[in-house]
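Report on the following structure.
On a predicted model such as this, the values are computed, not experimentally measured, just so you know. Every chain is numbered from 1, with letters handed out A, B, ... down the list of sequences.
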2 protein chains.
Amino acid sequence: MTASRPIPRPGRRVRGSASGRPVMALLDLLGRRWTLRVIWELRDGPLVFRELQARCGGISPSVLNTRLSELRENRLLEAGEAGYALTALGVELLELFGPVDRWAERWAAALGGARRRGA
Amino acid sequence: MTASRPIPRPGRRVRGSASGRPVMALLDLLGRRWTLRVIWELRDGPLVFRELQARCGGISPSVLNTRLSELRENRLLEAGEAGYALTALGVELLELFGPVDRWAERWAAALGGARRRGA
DNA sequence: TCCTGTGCTACGATAATCGAAGCATAATGC
DNA sequence: GCATTATGCTTCGATTATCGTAGCACAGGA
């Protein structure tokens with residue numbers, strides 16, 4: 001255990017917010033590197049540790065394990081027979097990102113159409 | 001110039017993904033520390049630099065400036081008379097988080113009701 | 001001129017993340 | 001029994017991101 005920051009949880013004080021408002025805890029949790037990506041990669045079903053690691057582009061196992069712990073602690077994810085899977089709560093959260101996926105396409109179109117820079 | 005990581009953009013390769021899929025770029029962008037929070041704090045209107053910094057719990061100005069650059073570069077935010085404000089795109093993205101806010105409340109309720117640990 | 005507020009930079013210190021290697025366990029094949 | 005493979009996961013040194021404080025340059029206002 002590397003004993004990093006406390007895992008953000010609703011009702012607790014979180015990074016940069018003394019309020020403990022749920023959304024602040026959520027933003028803290030999701031704002032950590034790879035967290036959003038991990039949830040995203042589990043959208044089509046459970047994945048074992050190493051497969052999940054690969055899907056996340058070779059994220060280092062220590063960080064992945066840390067993220068898995070945080071997400072498990074917050075009941076967004078659980079370990080089962082087939083590997084790690086989103087819980088019912090996790091699926092709900094993921095579903096909120098469905099529109100985000102579609103929006104990202106429009107965002108890309110807006111950026112690509114509006115400017116002619118970069119690659 | 002600290003020349004950190006390249007700013008993620010749709011169509012470019014991003015952290016842990018060679019695909020350049022818009023949603024991957026978005027996850028990379030939003031997965032950086034304080035990014036979600038900055039967008040969130042601008043939900044009620046423009047804020048000047050220092051006020052935004054304060055709302056984010058005293059985030060260090062260098063990081064805030066980095067985040068602002070990234071968000072400006074991606075047209076989610078712009079600097080105007082009254083300070084920094086979300087663009088139309090930024091508002092759209094924020095609106096996707098409306099359900100997230102409500103969901104966070106239910107999430108907190110689920111966690112609080114289901115377990116009796118921690119403090 | 002002296003405040004105050006603005007956006008923002010510099011820089012040393014600290015914490016998070018990386019990258020690679022490896023451990024312990026369990027299942028499989030021989 | 002013994003090697004092989006796959007599993008979840010740990011360790012550790014190196015790199016990167018973020019922090020925290022101080023301060024600069026500019027623009028009013030008094």
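- For the pairing with B:L77, the side-chain contact (heavy atoms from CB on, under 4.5 Å) check across B:I39, B:L89, B:V38 returns one residue only, B:V38.
- Side-chain contact between B:W107 and A:L29 is present, with heavy atoms from C-beta onward closer than 4.5 Å.
- Atom-to-atom, CD of A:E81 to C1' of D:dG8 comes out at 14 Å; the value is rounded to the nearest Å.
- Using a 4.0 Å cut-off, no side-chain N or O of A:R33 falls inside it from OP1 or OP2 of D:dT16.
- Rounded to whole Å, atom C1' of D:dC19 lies 11 Å from atom CD of B:Q53.
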Legend entry - Stepwise salt bridge (Lys or Arg N to Asp or Glu O under 4.0 Å) test for A:R72 and A:E70: CA-CA 5 Å; A:R72 263 188 301 199; A:E70 292 165 357; over 6 Å; no

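- Going from atom CG of A:L68 over to atom C1' of D:dC9 covers 10 Å, rounded to whole Å.
- With D:dC19, D:dC9, C:dC18 as the candidates, the nucleotide lying closest to the side chain of B:V63 is D:dC19.
- C:dT17 atom P lies 12 Å from atom CG of A:L64, rounded to whole Å.
- Interface remark: the B:R50 side chain does form a donor-acceptor pair with the C:dG7 base, using a distance-only criterion of under 3.5 Å.
- Of all heavy-atom pairs between A:A108 and B:P22, the closest is CB-CG, 3.6 Å.
- Among the nucleotides C:dG19, D:dG8, D:dA22, the one closest to any side-chain atom of A:S62 is C:dG19.
- The side chain of B:N65 contributes no N or O atom lying less than 4.0 Å from OP1 or OP2 of C:dG7.
- Taking side-chain N and O atoms only, A:W34 has a distance below 4.0 Å to OP1 or OP2 of C:dC18.
- Heavy-atom distances to DNA chain D give each of A:V48 and B:P61 a nearest nucleotide, and the one nearer the 5′ end belongs to A:V48.
- Checking C:dA16, D:dT10, C:dC18 against every side-chain atom of A:S60, the shortest atom distance belongs to C:dC18.
- Looking at B:R55 and B:R37, their side chains never come closer than 4.5 Å, going by heavy atoms from C-beta outward.
- What separates CZ of A:R32 from P of D:dT18 is a distance of 13 Å, to the nearest Å.
- Computed from coordinates, the A:D28 CG to D:dC19 P distance equals 11 Å when rounded to whole Å.
- When rounded to the nearest whole Å, the span between CG of B:L47 and C1' of C:dG7 equals 14 Å.
- In this structure, CZ of B:F49 is placed 18 Å from P of D:dC26, rounded to the nearest angstrom.
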